[in-house]
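Input: a single structure, listed below in structure tokens.
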Amino acid sequence: MDQDSLKLEGNRKSVVVKPDWLRVKAPQWERVGQVKDILHDLGLNTVCEEASCPNIGECFHAGTATFLIMGPACTRACPYCDIDFEKKPKALDPTEPERLAEAVRRMSLNHVVITSVNRDDLPDGGASQFVGCIEAVRRLSPQTTIEVLIPDLCGNWQALETILQVQPEVLNHNSETVPRLYRRVRPQGDYHRSLELLKRSRQFLPEVYTKSGIMVGLGETDAEVRQVMQDLRTVNCDLLTLGQYLQPTPKHLPVANFIPPEQFDAWKTYGQSLGFLQVVASPLTRSSYHAEQVRTLMEKYPR
């Protein structure tokens, strides 16, 4: 039995069986291996691997990956996340942008997602490294659209503007959970700061498509999820992802409940009624799941 099927309750272990809708088809490892070889050859990290994403087989088989820069260790220890914590991570690697751009070229990506660990040790939170990666990709793959999934930069709005000045097509920042659960789930984050980041992004670069994501299954209510969706639309967030939280190891936050697919369908319908350009909602949805579909949305809703 895998570790995700166990839940600790005091000194007693009780079996929590994953529902059928959370079972993932085995990937075709030949294509997965090709992507892994490229990443290993260029010494790159992906959030797919570091955060134990359940869609790694599907995405690698399709030839896509979400690149994780400035890592693999993070300066925050969020109790839901499987990325390693390190109070004093390594210095930034000046060769990383070029290596990442070369991977994008080799994989012939039409759309690339670049995310990072939190680097609260850096004055700009790593904004300059995002800029370097965006510029390097543009040099080698000018037709590739770029999505950046950024941390909150500790509210450094000048650093945010630094990233936006090089005009990524999509600015993604996850709200992660509902405000009531922030202290437990995202203790170093701030819900209103995340909303402010998305709001300022659209104000500084009106043509950017903003995006956010929510994990569910941590004890939130339907009303709370809908309120977050309303809040995101209030700051003109365009794209939304909703997915089931899965406990990476017994040391991480336990799953409070498994949300059935019908509830995700209801949230998707509600989100569309609020005016989101796209709502991707399913148990296995993650922040960059099917992110390449934004290219179609950009054609349908040009800016």
Side-chain angles (χ1 to χ4, degrees), residues 1-9 13-25 47-48 51-59 66 78-83 149 172-187 189 191 194-195 211-233 237-291 293:
M1 180 176 297
D2 65 50
Q3 60 190 10
D4 291 331
S5 297
L6 293 175
K7 182 178 179 182
L8 296 177
E9 295 183 357
K13 291 183 178 179
S14 63
V15 177
V16 178
V17 180
K18 286 183 181 177
D20 289 340
W21 62 76
L22 282 171
R23 301 190 185 281
V24 182
K25 293 182 180 179
V47 73
C48 321
S52 305
C53 179
N55 303 313
I56 184 171
E58 179 182 351
C59 293
T66 298
C78 298
Y80 67 86
C81 183
D82 201 24
I83 292 178
L149 172 53
N172 188 349
H173 174 70
N174 287 333
S175 44
E176 301 292 12
T177 188
V178 302
R180 177 176 58 85
L181 298 178
Y182 253 63
R183 181 173 295 182
R184 182 167 68 95
V185 176
R186 200 182 189 191
Y191 178 72
S194 289
L195 289 177
K211 179 177 178 180
S212 193
I214 308 170
M215 300 178 295
V216 293
L218 286 162
E220 68 291 321
T221 67
D222 172 65
E224 287 176 318
V225 173
R226 289 173 183 254
Q227 184 60 57
V228 172
M229 296 168 75
Q230 293 172 29
D231 292 344
L232 289 171
R233 283 301 299 140
C237 183
D238 298 303
L239 314 169
L240 177 66
T241 58
L242 295 102
Q244 169 74 51
Y245 167 70
L246 297 175
Q247 184 182 25
T249 76
K251 295 181 180 179
H252 290 80
L253 287 176
V255 175
N257 54 324
F258 290 112
I259 310 300
E262 303 79 50
Q263 180 61 69
F264 284 100
D265 292 340
W267 284 328
K268 179 176 181 177
T269 300
Y270 182 67
Q272 291 170 335
S273 75
L274 292 176
F276 284 102
L277 301 184
Q278 181 190 53
V279 180
V280 182
S282 72
L284 290 174
T285 290
R286 295 296 180 265
S287 300
S288 53
Y289 190 50
H290 292 172
Q293 294 176 359

Atom pair [atom1] ([X]) and [atom2] ([Y]), whose distance is rounded to the nearest 0.5 Å:
X: Leu232; Y: Gln227; atom1: CG; atom2: CD; answer: 10.0 Å
X: Leu239; Y: Asn172; atom1: CG; atom2: CG; answer: 8.0 Å
X: Lys268; Y: Leu240; atom1: NZ; atom2: CG; answer: 11.5 Å
X: Thr269; Y: Leu274; atom1: OG1; atom2: CG; answer: 11.0 Å
X: Ser273; Y: Met229; atom1: OG; atom2: CE; answer: 7.5 Å

Taking all atoms of both residues into account, what is the closest heavy-atom pair of [X] and [Y], and its distance?
X: Gln244; Y: Gly217; answer: NE2-CA, 3.7 Å
X: Tyr191; Y: Val228; answer: OH-CA, 3.5 Å
X: Lys211; Y: Ser287; answer: NZ-O, 3.0 Å

Any side-chain heavy atom of [X] within less than 4.5 Å of one from [Y]?
X: Pro79; Y: Pro187; result: yes
X: Val279; Y: Leu242; result: yes
X: Met215; Y: Val185; result: yes
X: Asn257; Y: Tyr245; result: no

By side-chain hydrogen bond (donor to acceptor under 3.5 Å, both in side chains) - contacts of Gln263 (at least two apart):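 Asp222.
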Taking the six-membered ring where the residue is Trp, are the ring centres of Trp267 and Phe264 under 6.0 Å apart?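 Here the rings of Phe264 and Trp267 have centres that are less than 6.0 Å from each other.
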Sidechain-backbone polar pair: Arg184 side chain, Leu218 backbone, donor-acceptor under 3.5 Å: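 At least one qualifying donor-acceptor pair exists.
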Under 3.5 Å, side chain of Gln247 to main-chain N/O of His252, donor-acceptor pair present?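 At least one qualifying donor-acceptor pair exists.
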Which pairs would a plain distance check flag for residues 175-182, meaning a side-chain donor or acceptor within less than 3.5 Å of a matching protein atom at least two apart in sequence or in another chain?
from   : atom 1 : to     : atom 2 : distance (Å)
Ser175 : OG     : Ser212 : OG     : 3.2
Ser175 : OG     : Gly213 : O      : 3.4
Glu176 : OE2    : Tyr80  : OH     : 3.1
Arg180 : NE     : Glu224 : OE2    : 2.6
Arg180 : NH2    : Gly219 : O      : 2.9
Arg180 : NH2    : Glu224 : OE1    : 2.9
Tyr182 : OH     : Ser175 : O      : 2.5
Tyr182 : OH     : Arg186 : NH1    : 2.7

